[in-house]
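The structure appears right after this line, and notes come after that.
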2 protein chains.
Amino acid sequence: MKKRLSISDIAKNLGISVTTVSFILNDKAKEKRISDALTHRVLDYVKKVGYKPNQLAKSLRTGKSKTLGLLVEDISNTFFANIAKQIEQRAYDHGYHILYCSMNNDVNRAKELIQLFHDRQIDGFIIAPTEGLSEVIHNLLKNNVPIVLFDRFIEDLDTNYVVSENKQGAYMGSKYLLEDLKATKVGMLTINSGQTQMRSRLDGYMQAMDESGRDAVIKKIQVDQPDDVTIDLVRDFIVDNKLDAVFFATNYIAIAGLKAIKKYKLNIDKIVSFDDHAIFSLFQTPVTSLAQDIKSISDHIIQILISEINGKGKEYQHVVIPCELKVRT
Amino acid sequence: MKKRLSISDIAKNLGISVTTVSFILNDKAKEKRISDALTHRVLDYVKKVGYKPNQLAKSLRTGKSKTLGLLVEDISNTFFANIAKQIEQRAYDHGYHILYCSMNNDVNRAKELIQLFHDRQIDGFIIAPTEGLSEVIHNLLKNNVPIVLFDRFIEDLDTNYVVSENKQGAYMGSKYLLEDLKATKVGMLTINSGQTQMRSRLDGYMQAMDESGRDAVIKKIQVDQPDDVTIDLVRDFIVDNKLDAVFFATNYIAIAGLKAIKKYKLNIDKIVSFDDHAIFSLFQTPVTSLAQDIKSISDHIIQILISEINGKGKEYQHVVIPCELKVRT
DNA sequence: TTGAAATGATAAAACCTTTTAGCAAAATTA
DNA sequence: TAATTTTGCTAAAAGGTTTTATCATTTCAA
């Protein structure tokens with residue numbers, strides 16, 4: 001196991017100075033007036049011996065780690081896992097690596113992790129923020145750390161974000177139930193969270209209800225309760241309100257809903273859910289969904305973050321990406 | 001945005017040497033005979049000013065980055081996403097961060113990424129290896145880089161691995177179809193891959209078939225072909241062979257299978273799949289599955305890797321974790 | 001009382017880069 | 001020809017840690 005070559009080994013072997021090698025390797029040969037002949041000699045030698053700069057030393061000196069932090073609620077959730085995959089691809093294209101973590105609804109853990117990432121000189125953060133994080137994110141912003149929020153944003157925090165067109169999407173979905181499927185009693189199942197995307201989805205639903213003159217029927221469930229409790233709540237909600245259609249605000253609520261429908265043989269066949277999921281095309285009664293454009297979301301996140309890291313982009317950017325109504329019958 | 005404190009700031013402010021502070025911070029006070037009084041003075045001061053050591057400098061000096069690399073086929077696949085979540089938790093508990101990437105069935109990309117991670121002084125690798133990676137992994141091993149393979153291993157590569165009890169699981173699943181469900185014609189759908197886990201699952205199925213005196217009926221499909229092609233192949237397989245039961249070798253094959261069953265209204269209700277998936281309990285005909293013990297797999301991976309990093313564990317470890325047959329009716 | 005051992009601390013090197021400031025020689029200008 | 005500018009390169013500092021080797025003092029044993 002031979003020791004890795006360092007830049008000073010290169011310099012020594014070539015009989016020139018470390019500085020010169022560094023300049024050449026960092027594409028500053030022209031700017032620093034290194035002769036073409038020497039430049040090529042160094043480049044050739046470096047390629048021949050397969051020298052790779054020590055990224056740690058580089059980072060220590062420059063303060064740039066070429067690493068981004070991705071913080072989500074739960075990396076095993078399909079939506080976040082898919083985002084993670086796209087983000088990673090784009091990031092590597094730009095020479096960045098990704099550190100990730102799941103916050104698991106634990107504000108203290110989240111704060112600790114953000115601090116930890118920051119201590120590691122992470123160059124930028126990609127965060128699906130939860131409510132308790134306002135302050136710690138605010139601190140990052142004060143320190144000029146590049147950040148892009150996604151999936152939702154935080155109202156009183158002026159920063160970049162990339163979200164889906166949640167209100168419009170929910171409006172489309174609700175309209176679809178009311179007008180295309182001629183539903184007469186449409187309920188919405190959502191979670192008890194003040195997160196912006198949830199509020200927007202509720203707004204979209206409400207607007208569609210208002211316009212149609214129908215009553216809104218809404219139930220908010222708790223995210224952290226046991227599955228079977230949720231399932232029973234869903235049944236009660238559908239049965240008690242005599243619903244003939246239901247709009248699920250996220251894919252995991254929808255899954256609980258489908259479990260209830262199957263378990264209690266509920267007779268309801270007009271279903272829309274936010275977020276697409278492989279299950280939806282396979283369930284006995286097909287579920288129409290509002291698919292978020294994960295590719296576009298990821299592209300925007302990386303583009304905004306990288307350009308902010310590179311010192312471009314003066315203004316904070318707010319990007320809103322349309323959803324696609326995937327009709328299933 | 002005030003500059004972060006360094007260890008030399010601490011030393012200066014306290015009127016002592018950097019060395020002393022470093023010893024105290026690294027729990028070497030006793031060993032290096034620093035007085036209790038001074039030790040406490042330093043610790044108190046460090047806590048008061050909230051000093052955090054620069055991890056980059058630390059890594060540069062020690063050669064340890066406190067980072068692990070996780071390489072999987074596709075981080076958006078539920079199995080890998082779930083593993084990723086568990087691994088991450090465990091890793092953070094030990095003070096390690098995780099860099100991840102999806103290899104996407106692209107050997108060159110995979111090699112490049114492994115090299116990239118290695119250049120970043122990653123302390124250890126967690127890899128679900130594909131066939132072309134034998135050589136590059138072999139090189140890592142020669143350089144004494146700690147590695148744990150999981151999900152599958154590579155035959156001619158002597159190293160740590162953690163896999164599920166694939167053969168026994170497939171045997172159980174096949175027996176269940178044959179004996180409990182009284183199936184008479186059981187087909188196996190798998191992929192055209194020589195990966196060890198696939199071969200073991202095939203072996204388990206074969207053994208059950210042999211013991212029962214039934215013919216084995218096997219189709220291998222290609223992973224990278226379009227969904228609808230796969231779906232049609234599945235239908236042909238089931239119909240042409242007049243199967244009354246089918247064993248899917250992975251969850252994503254199973255999903256294609258379920259799509260075929262739904263699309264062509266195939267009359268088959270004895271189904272087992274390797275890997276659990278939320279869909280399986282919701283499909284019109286319930287799918288019994290062989291659930292891998294993701295928690296146990298992850299625990300073992302981290303435990304083996306960390307102990308190898310810490311120089312314990314002389315011998316390579318081979319861990320085989322039982323699967324659970326999740327019967328659904 | 002003396003020599004040896006233990007105590008409590010530290011200076012400086014090392015890890016590997018980037019970058020600032022500067023130097024000698026060659027080329028250009030006046 | 002003398003003064004100035006350009007060319008081509010480099011020494012050394014800086015970034016923040018860990019670790020080796022060493023050095024005064026103090027304590028102890030003989």
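Since the model is a prediction, treat every value here as computed from it, not as a measurement. Throughout, a chain's letter reflects where its sequence line sits, starting with A, and its residues are numbered from 1.
Under 4.0 angstrom from either OP1 or OP2 of dA9(C) there lies no side-chain N or O belonging to K32(B). In this structure, T20(B) reaches the dT10(C) phosphate: one of its side-chain N or O atoms is under 4.0 Å from OP1 or OP2. For the pair Y51(A) and dC16(C), the criterion of a side-chain N or O lying under 4.0 Å from OP1 or OP2 is not met.
The nucleotide whose nearest atom lies closest to any side-chain atom of F23(B) is, among dT10(C), dC15(C), dT7(C), dT10(C). Picking from dT20(C), dT7(C), dT17(C) the nucleotide with the shortest atom distance to the side chain of P53(A) gives dT17(C).
Heavy atoms of K28(B) sit under 4.0 angstrom from primed sugar atoms or phosphate atoms, though from no base atom. Using a 4.0 Å heavy-atom criterion, one finds that S35(A) contacts the sugar-phosphate atoms exclusively. Within the nucleic acid shown, T62(A) comes within 4.0 Å of sugar-phosphate atoms alone, with no base atom in reach, counting heavy atoms only.
Look at NZ on K64(A): it is 12 Å from P on dT19(C), rounded to the nearest Å.
For a distance-only test at 3.5 Å, the side chain of R61(A) fails to qualify as a donor-acceptor partner of the base of dT17(C).
Checked by atom type and distance alone, the side chain of D123(B) never pairs as donor or acceptor with a backbone atom of K64(B) at under 3.5 Å.
The two atoms that bring E73(A) and F80(A) nearest to each other are CB-CE1, 3.8 Å, heavy atoms only.
Here the range on DNA chain D touched by chain A, meaning any atom under 4.0 Å from one of its heavy atoms, is dT7(D) to dG16(D).
E88(B) has a carboxylate O that lies under 4.0 Å from a charged side-chain N of R109(A), or vice versa, which qualifies the two as a salt bridge.
Looking at residues 7-17 of chain B, you'll see I16(B), S17(B) sit with a heavy atom under 4.0 Å from some atom of DNA chain C.
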